[in-house]
Amino acid sequence: MVIDNQPLDEYPFEGAFYEYGVDDSKPLDEQVEEEILILETKCDIHSSSRSNANGIITAGFNVYFPFDKEKGISIKRGMTFKGNAYGLVVNGRVLTASPSQLGGCECFVEDFDV
């Protein structure tokens, strides 16, 4: 019998939250809509839902990450999340963000790349 005594990593993956906007600090000829990095963090990613209705395939993921309770969270609905879980690329839109009193936050992300 083989027993793996290695502890699990709480947040084994890297992910980032973005929003799209125009950087007003740039000269006018360089102002274009671009990704603005809001938060880069360690996270844990779990598949939570999938659907294949009328030929349309959708997938959803729960993303868990730590945050500072004094600062709060800066994640809002509609932002974009990009992450990687053992080679599975997750790229989607944040539908919900739920912080907890324990200092962790859960976001539900609807994947774009299905």
Side-chain angles (χ1 to χ4, degrees):
M1 176 192 227
V2 176
I3 298 174
D4 184 7
N5 290 326
Q6 297 276 339
L8 297 176
D9 291 333
E10 188 173 15
Y11 299 109
F13 311 118
E14 296 286 332
F17 293 91
Y18 300 88
E19 64 182 0
Y20 289 91
V22 176
D23 185 357
D24 295 333
S25 65
K26 292 183 177 180
L28 285 175
D29 61 340
E30 294 177 15
Q31 290 183 8
V32 294
E33 187 172 61
E34 59 189 341
E35 284 184 344
I36 300 168
L37 178 65
I38 302 301
L39 176 68
E40 192 167 19
T41 184
K42 296 192 123 330
C43 61
D44 196 5
I45 302 170
H46 295 256
S47 175
S48 65
S49 68
R50 64 219 81 24
S51 174
N52 184 1
N54 298 325
I56 299 171
I57 301 170
T58 61
F61 295 89
N62 286 331
V63 177
Y64 304 92
F65 60 94
F67 75 97
D68 184 355
K69 292 192 302 185
E70 300 298 320
K71 294 180 182 178
I73 62 169
S74 55
I75 307 307
K76 296 178 179 44
R77 284 178 259 152
M79 287 185 171
T80 301
F81 172 79
K82 294 181 181 181
N84 187 323
Y86 299 120
L88 172 66
V89 176
V90 177
N91 176 27
R93 180 182 42 190
V94 174
L95 296 182
T96 63
S98 305
S100 81
Q101 291 182 355
L102 299 175
C105 186
E106 173 190 19
C107 286
F108 180 76
V109 175
E110 182 180 48
D111 198 19
F112 292 144
D113 302 327
V114 189

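The figures that follow rest on heavy atoms only: side chains count, while hydrogens, waters and symmetry mates do not.
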Any heavy-atom pair between the side chains of [Y] and [X] that's under 4.5 Å?
X	Y	result
Pro66	Thr41	yes
Val90	Asn84	no
Val63	Glu106	no
Cys43	Tyr64	no

[atom1]/[X] to [atom2]/[Y] distance, rounded to the nearest 0.5 angstrom?
X	Y	atom1	atom2	result
Cys107	Ile45	SG	CD1	11.0 Å
Met79	Ile36	CE	CD1	9.5 Å
Phe17	Leu39	CZ	CG	6.5 Å
Tyr18	Glu35	OH	CD	6.0 Å
Thr58	Asp111	OG1	CG	9.5 Å
Ser74	Ile38	OG	CD1	6.5 Å

Using modelled atom types only, decide if a donor and an acceptor are shared between the side chain of [X] and the backbone of [Y] within a distance under 3.5 Å.
X	Y	value
Gln31	Asp24	yes
Ser100	Leu102	yes
Ser48	Gly60	yes

(message) Once you measure the plane-to-plane angle for Phe13 and Tyr86, does it fall in the parallel (<30°), tilted (30-60°) or perpendicular (>60°) bin?
(response)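 Phe13 and Tyr86: perpendicular rings.
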(message) Is there a side-chain contact (heavy atoms from CB on, under 4.5 Å) between Asn91 and Thr80? Walk through the geometry before answering.
(response) CA-CA 7 Å; Asn91 176 27; Thr80 301; 3.9 Å; yes
(message) Pair Val32, Glu30 - check side-chain contact (heavy atoms from CB on, under 4.5 Å), show working.
(response) CA-CA 6 Å; Val32 294; Glu30 294 177 15; over 6 Å; no
(request) Please determine if Glu14 and Lys82 form a salt bridge, counting it only when a charged side-chain N lies under 4.0 Å from a carboxylate O. (result) no
(message) Taking Tyr20 as the starting point, is it possible to reach Val94 by hopping between hydrophobic residues whose side chains are less than 4.5 Å apart?
(response)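 No.
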(message) Under 4.5 Å side-chain heavy-atom separation, chaining through any Ile, Leu, Val, Met, Phe, Trp or Tyr, what else clusters with Leu95? Say none if it is isolated.
(response)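 Grouped by the 4.5 Å side-chain rule, Phe108 form the rest of the cluster around Leu95.
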(message) Taking the ring of Phe81 and the ring of Phe61, is the distance between their centroids below 6.0 Å?
(response) no
(message) For a quick test of reading the model, state the closest non-hydrogen atom pair linking Gly104 to Phe67 and the distance between them.
(response)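 Shortest heavy-atom contact: O-CE2, 3.2 Å.
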